[in-house]
Amino acid sequence: MTDELNFVQKARREKLEALVAMGITPFAYGYERTHHAVEAVASLAAGVEEGGLVRVAGRLVAWRGHGKTSFAHLADSSGRIQLYFRRDELGDAVFAQLALYDVGDVVGVAGTLMRTRTGEVTVRVTAVEMLAKSLRPLPFGKEEIVDGVTVRHSGFADPEQRYRQRYADLAVHPEVRAVFLARARLVSAIRGFLDGRGFLEVETPVLQPLYGGAAARPFTTRHNALDMPLFLRIADELYLKRLIVGGFDRVYEIGHDFRNEGIDRTHNPEFTMLEFYQGFADYEEMMTVVEALITHAADAVRAVSGMGERVPALRSPFRRIEWVSSLTAELGCDAMSLTDAELRAEAERRGIDHASTMSRPKLLDELFGALVESRIVEPTFVVDYPVELSPLAKPKRGNPALTERFELFAKGRELANAFSELNDPIDQRQRFEAQARLRAEGDEEATGVDEDYLRAMEYGMPPMGGVGIGIDRLVMYLTDTAHIRDVILFPTMRAE
RNA sequence: GACCCGAUAGCUCAGCUGGUAGAGCACGCGGCUUUUAACCGCUAGGUCGUGGGUUCGAGCCCCACUCGGGUCACCA
């Protein structure tokens with residue numbers, strides 16, 4: 001049923017032709033509105049039965065014909081309003097034209113406000129215009145209001161179709177629009193927060209000759225004129241830190257990173273990352289910034305209609321736990337003094353698969369993930385990671401086995417990752433060279449030596465705290481959403 | 001990449017141990033001047049994801065493939 005028109009589509013095309021034959025343009029250029037639907041409803045004060053003229057425009061979402069009258073509902077970005085058409089008011093010719101209107105059509109109506117006997121504010125339509133004829137039926141479900149809650153019957157449920165045709169999903173599901181409105185408010189709030197603290201928003205290359213700043217397989221492409229390979233960035237980190245060398249004290253970027261890895265409910269190949277770097281700050285200071293930023297973002301989401309009750313209550317200050325001592329408490333013995341074999345035995349005992357082939361850092365990470373991370377519900381800073389797990393962070397003052405790093409977890413998921421950033425170019429070169437050796441051995445996630453970045457560091461890189469926050473996951477957390485696809489408008493899908 | 005589940009009318013779904021396809025809504029026609037999942041009557045609508053196979057006979061059983069969902073792996 002892709003090319004051939006089904007009987008519903010045929011009927012709609014016939015109505016379109018009938019409109020054209022009557023001299024009506026079924027695809028308009030605009031419509032002068034006086035109100036959004038919700039504003040129009042609100043403009044009729046309680047107890048008042050009749051109001052003034054309004055002009056509203058939107059999509060017909062329900063139609064109830066009654067012979068010489070009709071009721072309909074029109075929905076726009078603000079919400080819904082009922083329409084009431086009367087033959088004696090519109091005249092026979094115009095009223096007859098209503099037979100050519102369908103649910104899904106985009107229309108503009110003018111009329112006076114009234115209240116029906118059930119009290120619903122309604123437009124008593126005096127003029128109606130077709131603004132865009134809908135030639136393909138939208139999968140509207142029937143709605144009823146039960147105890148003030150909208151209950152939808154049938155409707156558009158196939159997840160594949162909802163993701164592939166997000167426009168239709170959005171058109172019939174106001175609650176889906178609300179999630180993306182919340183997302184936009186959240187990003188806007190973060191910009192406001194960082195701008196207010198003197199951070200400069202910058203744009204760094206998506207196409208990079210070398211990739212770095214994280215461990216992930218990249219997407220590769222090629223520039224024809226330069227005849228060179230390029231990588232889509234997996235992180236913004238190394239470019240943003242170059243800018244701190246350049247003298248910008250505080251910078252941030254919100255943009256897409258790309259990682260050529262699996263797709264599941266928390267991973268999309270392109271996703272939105274916020275990274276920000278604050279010169280002369282260490283990770284302790286960044287913890288206070290992150291806490292304030294998350295709280296601010298949560299307030300913005302909470303302010304979106306319909307989202308309030310989905311946003312978790314955040315109590316400041318966020319709990320802080322140390323990586324080593326929290327794992328030690330769960331294991332019942334000192335995690336760091338266990339031998340590799342003992343760690344492996346612990347991992348196997350705790351049901352971690354493939355423990356026999358894991359490196360020591362991987363074993364530590366897996367054990368921590370299973371015993372500590374996954375059980376965190378309230379927002380919690382995990383601080384001072386073992387150096388084996390944190391190749392990009394500065395050693396902890398007074399304990400070189402640890403690093404000055406924290407991650408923020410909530411509901412078992414990572415929301416932020418931050419460190420006191422490495423600013424020693426000699427140490428950095430050694431770490432790059434270690435990566436390059438791994439790469440030569442076939443590790444696709446390892447990066448090469450970034451000589452330009454080292455050159456920047458050698459000029460003198462101020463100490464700084466850096467933070468990365470996955471915006472998609474933050475939106476998921478704050479809107480209580482289980483799948484990353486539900487917070488990305490057009491998630492990556494296989495070709496149809 | 002592995003395993004499990006799914007794909008039937010525009011939408012949401014039934015379809016028994018294999019016997020020639022069903023409902024509700026939407027669509028079309030008729031009726032109805034305050035309805036709101038409007039209502040009442042009538043009609044139409046399907047290559048059962050694709051390709052093979054078994055069988056007298058396949059929506060149903062078998063094989064392969066496509067797409068999706070889930071779980072796992074991968075993702076410091």
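Heavy-atom basis, side chains included; hydrogens, waters and symmetry copies ignored. Every chain is numbered from 1 and lettered A, B, ... according to where its sequence line falls, protein lines coming before strand lines.
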For this session: For nucleotides rG59(B) and rA7(B), find the distance between their C1' atoms and express it as a whole number of Å.
Result: 11 Å
Exercise. Between Arg166(A) and Gln161(A), is a side-chain hydrogen bond (donor to acceptor under 3.5 Å, both in side chains) present by the stated rule, with each step listed?
Worked result: CA-CA 8 Å; Arg166(A) 181 69 88 183; Gln161(A) 295 311 318; over 6 Å; no
Problem set entry | Under-4.0 Å side-chain N/O to phosphate OP1/OP2 contact, His153(A) with rC11(B) | no
Exercise. Parallel, tilted or perpendicular for His66(A) and Phe71(A), by the 30°/60° rule?
Worked result: perpendicular
For this session: Provide the distance between the two C1' atoms, one in rA21(B) and one in rA58(B), to the nearest whole Å.
Result: 13 Å
Exercise. Given atom NZ of Lys68(A) and atom P of rU35(B), what is their separation to the nearest angstrom?
Worked result: 16 Å
Problem set entry | Interatomic distance, Phe156(A) CZ vs rA26(B) C1' [rounded to whole Å] | 15 Å
Exercise. Contact class for Gly141(A) (heavy atom, under 4.0 Å): base, sugar-phosphate, or nothing?
Worked result: nothing
For this session: Using only heavy-atom distances, decide whether a donor-acceptor pair under 3.5 angstrom links the side-chain of Glu120(A) to the base of rU35(B).
Result: no
For this session: Using Watson-Crick or G-U wobble geometry with both distances below 3.5 Å, tell me the partner of rG6(B), or none.
Result: rC67(B)
Seminar exercise, completed: Phe85(A) CZ to rU36(B) C1', in whole Å, measures 14 Å
Exercise. Once the angle between the rings of Trp323(A) and Phe368(A) is folded into 0 to 90°, is it parallel (under 30°), tilted (30 to 60°) or perpendicular (over 60°)?
Worked result: parallel
For this session: Indicate the atoms forming the closest heavy-atom contact of Pro379(A) with Phe318(A), along with that distance.
Result: O-CB, 3.6 Å
For this session: Mind calculating the distance between CZ (Arg86(A)) and P (rU33(B)) to the nearest angstrom?
Result: 10 Å
For this session: Tell me what Ala157(A) touches on the nucleic acid: a base, only sugar-phosphate, or nothing, going by heavy atoms under 4.0 Å.
Result: sugar-phosphate
Problem set entry | Pairwise P distance for rG31(B) and rG18(B), with rounding to whole Å | 49 Å
For this session: May I have the distance from Tyr84(A) (atom OH) to rU34(B) (atom C1'), rounded to whole angstrom?
Result: 5 Å
Problem set entry | Among rU33(B), rG28(B), rU34(B), the nucleotide that comes nearest once only the side chain of Asp88(A) is considered | rU33(B)
Exercise. Do Lys241(A) and Glu237(A) sit within salt-bridge range, that is, some charged N less than 4.0 Å from a carboxylate O?
Worked result: yes
Seminar exercise, completed: RNA chain B nearest-nucleotide lookup for Pro137(A) and Pro159(A): closer to the 5′ end is Pro137(A)
Exercise. Distance check: side-chain N/O of Lys15(A) vs OP1/OP2 of rG28(B), anything under 4.0 Å?
Worked result: yes
For this session: Taking atom C1' in both rG70(B) and rG53(B), compute the distance separating them and give it to the nearest angstrom.
Result: 30 Å
For this session: Write down the distance between NE2 (His66(A)) and P (rG31(B)), rounded to a whole number of angstrom.
Result: 15 Å
Problem set entry | Atom C1', compared across rC40(B) and rG6(B): separation rounded to whole Å | 38 Å
Exercise. According to a strict under-4.0 Å criterion, is Arg164(A) in side-chain N/O contact with OP1 or OP2 of rG68(B)?
Worked result: yes
For this session: Ignoring backbone atoms, test whether Arg265(A) places a side-chain nitrogen or oxygen under 4.0 Å from the OP1 or OP2 oxygen of rU71(B).
Result: yes
For this session: Remember a base hit wins even if backbone is also touched, and classify Arg162(A) as base, sugar-phosphate or nothing at under 4.0 Å, heavy atoms.
Result: nothing
For this session: Tell whether Thr69(A) reaches the base of rU34(B) with its side chain through a donor-acceptor pair below 3.5 angstrom.
Result: no
Exercise. Between Val8(A) and Gly155(A), which has a closest nucleotide on RNA chain B that is more 5'?
Worked result: Gly155(A)
Problem set entry | Protein-nucleotide distance (Arg87(A), atom CZ; rG31(B), atom P), rounded to Å | 11 Å
Exercise. In whole angstrom, what separates Phe7(A)'s CZ from rG45(B)'s C1'?
Worked result: 4 Å
For this session: Determine the interatomic distance between C1' on rA73(B) and the same-named atom on rG10(B); round to the nearest Å.
Result: 39 Å
Exercise. How is Gln82(A) classified with respect to the nucleic acid when contacts are heavy atoms under 4.0 Å: base, sugar-phosphate, or nothing?
Worked result: base
Exercise. Under 4.0 Å between a side-chain N/O of Lys142(A) and OP1 or OP2 of rA37(B), yes or no?
Worked result: no
Exercise. Across all strands shown, which nucleotide pairs with rC11(B) by Watson-Crick or G-U wobble geometry, both distances under 3.5 Å?
Worked result: rG24(B)
For this session: Check every atom of rU36(B), rU33(B), rG68(B) against the side chain of His73(A) and return the nucleotide holding the closest atom.
Result: rU36(B)
For this session: Cation-pi check, Arg177(A) to Phe180(A): give yes when NZ or CZ is under 6.0 Å from the six-membered ring centre and within 45° of the ring axis, no otherwise.
Result: no
Exercise. Would you say Arg64(A) reaches rA38(B)'s phosphate, i.e. side-chain N/O to OP1/OP2 under 4.0 Å?
Worked result: yes
For this session: Report the base-pairing partner of rU34(B) (Watson-Crick or G-U wobble, both distances below 3.5 angstrom), or none.
Result: none
For this session: With P as the reference atom in both, quote the distance from rG15(B) to rA9(B) in angstrom, rounded to an integer.
Result: 15 Å
For this session: With heavy atoms under 4.0 Å as the rule, sort Gln161(A) into base, sugar-phosphate or nothing.
Result: nothing
For this session: Indicate, with a heavy-atom threshold strictly under 4.0 Å, whether Asp264(A) touches base, sugar-phosphate, or nothing.
Result: base
Exercise. When rounded to the nearest Å, what value does the distance between C1' atoms of rU43(B) and rC60(B) take?
Worked result: 30 Å
Problem set entry | Parallel, tilted or perpendicular, as decided by the 30° and 60° cut-offs, for the rings of Phe156(A) and His173(A) | parallel
Exercise. Less than 4.0 Å between a side-chain N and a carboxylate O, is that true for Arg259(A) and Glu270(A)?
Worked result: no
For this session: Using a 4.0 Å heavy-atom cut-off across all strands, classify Glu160(A) as base, sugar-phosphate, or nothing.
Result: sugar-phosphate
